[in-house]
*Asks:* 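Shown below is the structure under consideration.
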Amino acid sequence: MDNRNEQALKEETSTITTTLGELVEAVTDIALQAGKTEAEGYALASLTIEKLLREKRRREISEA
């Protein structure tokens, strides 16, 4: 992603204040609906939460 795309993404991004538990619950609810089985839903939720946390950590490191 080039700098123009990153800047556009930052400008379009809004912040939602929530607890980690609420985030996990919301992601899990959506993933369970999207998965073909309960196990697949939980796997989707796990991957999504892991990705969100990894991206947040990368942003924190790059801003430091």
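Positions are given from 1, in the same order as the sequence printed here. Nothing here was measured: the structure is a model prediction, and the numbers come from that model. Heavy atoms only: backbone and side chains are in, while hydrogens, waters and symmetry mates are out.
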*Asks:* Please set out all donor-acceptor pairs under 3.5 angstrom arising from side-chain atoms of residues 19-30, sequence neighbours excluded.
*Replies:*
residue	atom	partner	partner atom	Å
T19	OG1	E22	N	3.0
T19	OG1	E22	OE1	3.4
E22	OE1	T18	OG1	2.7
E22	OE1	T19	N	3.1
T28	OG1	V24	O	2.7

*Asks:* Show the nearest heavy-atom pair for residues A31 and G41, with the distance to one decimal.
*Replies:*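 Looks like CB-O, 3.2 Å.
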*Asks:* Tell me every residue that passes side-chain contact (heavy atoms from CB on, under 4.5 Å) with T17, counting only those two or more places apart in sequence or in another chain.
*Replies:*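 Not a single residue meets the side-chain contact (heavy atoms from CB on, under 4.5 Å) criterion with T17.
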*Asks:* Should we say atom CD1 of I61 is surrounded by more than 12 heavy atoms from elsewhere, each under 6.0 Å from it?
*Replies:*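 Counting neighbours around CD1 of I61, more than 12 heavy atoms of other residues, nucleotides or ligands fall under 6.0 Å, so yes.
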*Asks:* Name every donor-acceptor pair, under 3.5 Å, that has one atom in a side chain of residues 42-56 and the other anywhere in the protein, sequence neighbours excluded.
*Replies:*
residue	atom	partner	partner atom	Å
T48	OG1	L44	O	2.8
E50	OE2	R54	NH2	2.3
K56	NZ	E60	OE2	2.8

